[in-house]
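Notes for the one structure printed next.
In what follows, chains carry the letters A, B, and so on, assigned in the order in which the sequence lines appear, proteins first and then strands, with residues in each chain numbered from 1.
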Amino acid sequence: MAGILVFFIPFLAAFLAYSIPSNRYRPYVMPAAAFGHLMAAITLMQSPARLSAEERWLELDPAGQTILISISVLFFCCALYAPAYLYHRLERPNRIFCSCMLLLLSLMSLVPFIQHVGLIWVVMEATTLCSGPLIFFNRTSRSIEAAWKYLMICSVGIALALLGSFFLAYSTFQIENSNQLLFPKLAQSASLLSKPWLRAAFVTLLVGYGTKMGIAPLHVWKPDAYGETSGIVGALLAGGLTSCAFLVLLRIIRIMYAAGEAVWTNHILIVMGLLSMTFAAVFMSRQKDYKRILAYSSVEHMGILLLGVGIGSLGLWGSLFHVWNNALGKAVLFLSSGNIHRAFGSKSTDSVRGALHRIPVSASLFLLGFIAITGSPPFGPFVSEFAILQAAFFAKQYKTGALYLALMLAVFLGMGTTVLSVIFGEASKPVKDNQYKDSTLTVGPIILLLLLMLIAGVCLPSSLGAILTNAVAFMEVAR
Amino acid sequence: MDIATKFLLMVLILLNFSALASSRMKAVIRLTAIQGAVLGLLLLSVHRHFGITIILMCLLTITIKSIIIPHLLDRAMREVNIRREVEPILGFVPSLALGGASTAFAFYFSQALPLADPHPSSLIPPASISTIFAGFLFLTTRTKAISQVLGYLILENGIFVFGLLLVGKIPFMVEIGVLLDLFVAVFVMGIILNHIQRTFSSIDMDILSELKE
């Protein structure tokens, strides 16, 4: 029942938002729908998902549970922020914006339920299509360019994922009577799948969904899209949509483990993870645009997710926990950077300095978000990132662990230079004359997100802990 | 593997080459439309038994790939008033040569992947991979936005060809979903194309280079 609600509440709200004529009142549909969605998602978390799903197309598995709750909490906080944000841009029609946001939420909440290889592709492609219009909400030439790049690159990437899904389907030809391309079924009969096709499928799917996730070197759309879009959309894409793509990859990785390809798969994941972190560290240094730097931070964290899965055991736990931390952390950074952008009217550190004097609350939140996401205690990301490091050393992968640590440090320095120069120093004059001030509605949701991250770091709630343990067991059972 | 399927796959590969060699937008739109029709016929010739779902799929494929999408593109082309690909990044002769080389590679590469019993020496994997390459080549070497959409369509056609191997594996609902996504993708791309035209008064992708490192 609650499973139906998490899809239909935002889906119907999208149409409701489309039918409301008033630009002023339309955005309030979002927090209302988000509240309903959150309640339904929490209900779903109460009952642990079964490890062995039946032969059904729609079934919430433990890995899906972790993703669904993070998306729901993320969207709830973004939705609280949305009316205040859109109030500042009343001159622009927000009908398409509100509908696309809600439609995106409904599709993203559908992904954790889908167990069919083909159907999950259809929905993932649909998420690309409805996030395209969100990126060019600003209608500037730069945002149109970013939307075009996003749409083209992600469509081509996801087309390759379709090819990978076909490869995966073809690998089942040796098995008699296996007409169902369901993830649990495939994992069950994984040892019978044709090895060359399975490996070809994994690589193609990694490239396809990896493009959507934005791992290097397939991340080229990310800085443009995240840099040009509004903070709220950036938060939703970086914290929610990437997690969905990661979930699809997790299910495929589970099949690979079940097929006895764990060593080969993990090796690729570790290499891709470290490569993403390296790209992020290199492009972050001397980056003047403080929104683009968030995009590179996202590339880094996608790398961490893959790396954690590749290292396995405790690393896998860290990785799944990091999905949650990444969602919250990215939302803090994107929303507070959106506030700074609005106060100064520029994204470059050349003209934005001393945000702490201009809008103290948003600036401090931006700083705290930076401290949290780079893995400083006592926030959640510290716990998950440290778990991955520990796992690397436990598994005697000293080189991987050392490289991981070094790259984290490089990212910290690169990102820190930009972030600190935005926050401290003498306040520069805003590019456009504006009276923008922090208000409860524009900083409240960010404080809430930061608190959640703090709670996750200091004392992990037992319910979330149980979901994570369940998800790790789900992934490991295949080995 | 019967003669009709082989013939259709050959036509498909030849269409790739003529698309790579052509500078006129309209011609390439026609070529992708013909490819769409070929794909529809391939469905019939591969599946043999003409069930209701196969016939429906065939009709849907032809309607979307060779009628609706070319129509959308034709309209977009008229609105932005671009007829030719004037300055491709790679000339027509080199891109044709690369297309040929990639087709040869596709045939070589397909040998590495073992085919299951029902189709021991099928042309389908090499035809699919070479079409994907051709689409990718088209997409990356042309500068006009419409050309990029056309390249994406050719690439998608190549993937569709591979789907022919999966007789009865991919459910009807998913196939329809894939086609629907393709249609919406081209539709959304058309809208953005229009905005690009209005904002930049050109759809030359070279102008779209404000966002660079």
Item to check | For B:Tyr152 against A:Ala159, the heavy-atom pair lying closest together | outcome: CE1-CB, 4.4 Å
Checklist entry - How far does CG of A:Leu129 sit from CE of B:Met189, to the nearest 0.5 angstrom? => result 7.5 Å
Next on the checklist: Using 30° and 60° as the class boundaries, would you call the ring planes of B:Phe162 and A:Trp197 parallel, tilted or perpendicular?
Outcome noted: tilted
Checklist entry - Looking only at heavy atoms, what is the nearest atom pair of A:Met152 and B:Gln148, with distance? => result CE-O, 3.3 Å
Checklist entry - A:Phe136 versus chain B, heavy atoms under 4.5 Å apart: side chain, backbone, both or neither? => result side chain
Item to check | Within 6.0 angstrom of A:Phe279 CZ, more than 12 heavy atoms from elsewhere | outcome: yes
Checklist outcome for this item: Comparing B:Asp181, B:Ile191, B:Ile192 against chain A, the one with the most heavy-atom pairs below 4.5 Å turns out to be B:Asp181
Checklist entry - When only pairs under 4.5 Å are counted, which of B:Ile132, B:Leu139, B:Val149, B:Ile159 shares the most heavy-atom pairs with chain A? => result B:Ile159
Item to check | Residues, nucleotides or ligands: over 12 heavy atoms within 6.0 Å of A:Tyr18 OH | outcome: no
Item to check | Contact class of B:Phe187 relative to chain A, heavy atoms under 4.5 angstrom | outcome: neither
Next on the checklist: side-chain contact (heavy atoms from CB on, under 4.5 Å) for A:Trp121 and B:Val174? Distances and angles first, verdict last.
Outcome noted: CA-CA 9 Å; A:Trp121 183 88; B:Val174 173; over 6 Å; no
Checklist entry - Using a cut-off of under 4.5 Å for heavy-atom pairs, which of B:Val184, B:Val188, B:Val178, B:Leu180 has the most such pairs with chain A? => result B:Val178
Checklist entry - Which bit of A:Ala200 is near chain B, if near means a heavy-atom gap under 4.5 Å: side chain, backbone, both or neither? => result side chain
Checklist entry - Considering only heavy atoms from C-beta outward, does the side chain of A:Tyr170 approach that of B:Pro125 to under 4.5 Å? => result no
Checklist entry - So what's closer than 4.5 Å to chain A heavy atoms on B:Leu182: side chain, backbone, both or neither? => result neither
Checklist entry - For B:Arg75, does the CZ atom have more than 12 heavy-atom neighbours from other residues, nucleotides or ligands under 6.0 Å away? => result no
Checklist entry - Under 6.0 Å from the CZ atom of B:Phe172, do we count more than 12 heavy atoms belonging to anything else shown? => result yes
Next on the checklist: Rounded to the nearest 0.5 Å, what separates atom CD1 in A:Ile144 from atom CG in B:Asn194?
Outcome noted: 10.0 Å
Item to check | Where B:Leu193 and A:Trp148 come nearest, the two heavy atoms and their spacing | outcome: CD1-CH2, 3.6 Å
